[in-house]
Amino acid sequence: MIRSLVSPLLHLGESVLDPTRSTAEVVECLARGSRGLRVSLGIIEARSPDWAAHARLTLNLLAELGYLDPMQPPESLDRDTVLPTHGAAEAWREGLAGRIPVSRAGIPMGTSAMLASLLELEGLSAGDFVLECIERMMRHVELRRTQAFPPIAGTSGDDLWLEKHQAAILLARASDILGDLRYLNAALKLNDFAYRAHRRFQPDLPHILYLRALAEQDLALSKVRA
Amino acid sequence: MRVALLSPTPSSYYARATASLLREIEGIELVGVVIRSMFSWSRFRSELRRDGPRLLRKIHQKLILGEAVYSEDDPATMRTLVRDLGLQSGSLKSDARRWGIPCATTLEHNHPHTERFLRRLLPDLIVFTGGGLVRRNILELAPLGVLNCHSGILPRYRGMDVVEWALLEGAGSGSVGLTTHIMDPGVDTGPILMKHIEQIQPGDSIDGIRKRLEPRMVSLMVESVHGLQQGTLKPRPQRPGDGRQYFVMHPRLLTLAEKAVKGSSAPIK
C-alpha cells in the first residue's frame with residue numbers, strides 16, 4: 001500500500017529535481033545549436049572578432065562530431081586561437097607565486113582560460129601547479145554542485161556563465177589530455193547545471209561557449225567509447 | 001575484545017548481519033550498538049546536496065522496496081544471508097534488546113550523546129557499518145580505532161561509485177572488490193587490513209556485482225575483527241599519492257561502465 005503510494009511520488013520528485021541531461025537531449029541541443037551557429041556566423045563576426053574565433057572553433061568541433069554537413073570539412077582544431085597566449089598564461093602563473101587560485105569561494109574570472117592555455121602548452125607533462133588547480137576545480141564542482149563557482153563581488157551574470165563554461169571546457173580537455181575521466185565527470189555535471197539557462201542557442205558569447213563546452217564534452221566521451 | 005557497532009539505520013541488513021556474526025566469535029564481546037535514526041532534516045539536506053535527486057532513488061530502494069530489490073532465486077545476496085541468520089524481521093534495536101546489550105539511537109554518529117554513550121562502553125574497537133562521515137571525536141575513541149569496509153580496492157579507488165569507476169577505467173581483474181581499513185579523517189585513506197577481490201563473471205551487471213559484494217562485506221568485516229583480535233592482522237598505512245578520490249558517476253559515464261562490464265560493442269548513442 002505504502003509502496004504503491006510513495007514510489008510514484010519519489011519517481012516524480014526525482015524527475016523534477018534531476019538536472020541530469022540524457023544523451024538524446026544533449027544530441028538535440030548540439031544539433032539545434034550547430035544549425036543556429038552556422039546561420040548566425042555572419043552576425044557574430046560583425047559583432048566581435050573574439051566571438052567569431054570561438055564560433056569558428058566550435059563549428060569545427062561540431063563538424064568533428066558529425067553535426068555539420070559533410071560538404072563542409074572541418075578545419076584544424078587549434079584551440080590556441082581562442083586562449084590567452086602561452087606567454088600571458090605563464091606570466092599569470094608567475095604572478096601567483098605558487099598560490100593556487102581555486103578555493104571554496106570559487107575562482108577569479110579568467111582562471112579557467114589561463115589554465116587551459118597552460119594545459120594545451122604542457123599537455124601530458126603538465127606541471128604540479130596545473131594539475132593541482134584542475135584537481136581542485138573538479139573537487140569544487142563535485143562538492144558544490146549547482147552552487148559551484150559562486151559570484152565574486154563585481155561579477156556580472158554573463159561573466160559568471162563564461163567562467164563556468166570555460167571551466168567545463170577545461171575539465172573536458174583535461175580528461176582528454178591527461179586521461180582522467182573524473183574530470184570529464186565534473187564537466188558533464190557542470191554542463192547539465194547550465195542546460196536550462198543555455199539550451200536554446202543565441203548568437204552571443206555565453207551561448208557559443210556553452211555549445212563548445214557540450215561539443216568538447218561529447219568529443220571526450222566519444223574517445224572513451226572508442 | 002570489546003566491540004561497539006555503528007549502524008546507518010535501524011533496519012540495516014549489513015549492520016544486523018555483522019552484529020549477529022560478531023557475537024558468535026569467541027573472545028569478541030559486542031558491548032553496544034549505536035543506531036542512526038531513520039530521518040533527520042539536516043542529514044537529508046546534506047545528502048541531497050551530495051547525491052542530488054539520486055537520494056530519492058536510494059530512499060525508494062532502501063525504505064520502500066526493502067527486500068524486494070533482491071532476486072528470489074539468487075543465493076549470493078544479502079537477503080539469503082539475512083534469512084540464514086534468522087534476521088528477516090525486526091530491527092537492530094530489537095536484536096540488541098534480545099541480546100541484552102545497550103543500544104542508543106542518535107541523529108548522527110558524531111553527536112556528543114553518541115560520544116558519551118560510546119565512552120561508557122569502553123570499546124577496544126568500533127565497527128562502522130555506514131552512516132555518514134565520522135569525525136575525530138569518534139575516530140579517536142577506541143584504542144584500535146574505527147573499522148570500515150569500503151566497497152572498492154584501496155588505495156587506488158577511494159570515494160564514491162568505485163565499482164563503476166574501476167569497471168569504466170578498465171583497470172582489469174583485481175580492480176573490483178572490498179577493503180577493510182581503519183578510518184582516519186580523510187576519505188578512505190586509513191590503514192588497510194584486508195582485501196577481497198571480486199571476479200567479474202560473464203553476463204555480469206553493475207547491480208549484480210554490487211549485490212554480490214554486500215554479503216561479502218559482512219564476512220570481510222567479521223574476518224577483519226577476528227584478525228585484529230587474534231593479532232594476525234596489522235593495519236598497513238596508505239600513502240596519499242597511491243590513490244584517487246572518486247565522486248558520484250554521471251549517468252552517461254555509468255552507461256559506458258555498464259557496457260564495459262557486459263563487454264558490449266553496441267553504439268552508445
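Letters A, B, ... are given to chains in the order of the sequence lines, protein chains preceding strands, and every chain is numbered from 1.
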For the candidates A/Gln147, A/Arg139, A/Arg144, which exhibits the highest count of non-hydrogen atom pairs separated by less than 4.5 Å from chain B?
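Most pairs with chain B among the choices: A/Arg139.
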
Inter-chain contacts: residues 174-191 of chain A against chain B, heavy atoms under 4.5 Å:
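A/Asp180, A/Leu181, A/Arg182, A/Leu184, A/Asn185, A/Leu188, A/Lys189, listed by number.
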
Is atom CG of B/Leu133 surrounded by more than 12 heavy atoms (other residues, nucleotides or ligands) closer than 6.0 Å?
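Result for CG/B/Leu133: open.
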
Is atom NZ of B/Lys195 surrounded by more than 12 heavy atoms (other residues, nucleotides or ligands) closer than 6.0 Å?
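Count over threshold, so yes.
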
Does anything in residues 180-192 of chain B pair up under salt bridge (charged side-chain N to carboxylate O under 4.0 Å, His left out), and if so which pairs, sequence neighbours excluded?
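Listed by first then second residue: nothing to list.
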
Supply the atom-to-atom distance B/Met160 CE to A/Glu142 CD, rounded to the nearest 0.5 angstrom.
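One finds 9.5 Å between CE of B/Met160 and CD of A/Glu142.
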
Report the distance from atom CD of A/Gln217 to atom NE2 of B/His250, rounding to the nearest 0.5 Å.
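A/Gln217 CD to B/His250 NE2: 7.0 Å, rounded to 0.5 Å.
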
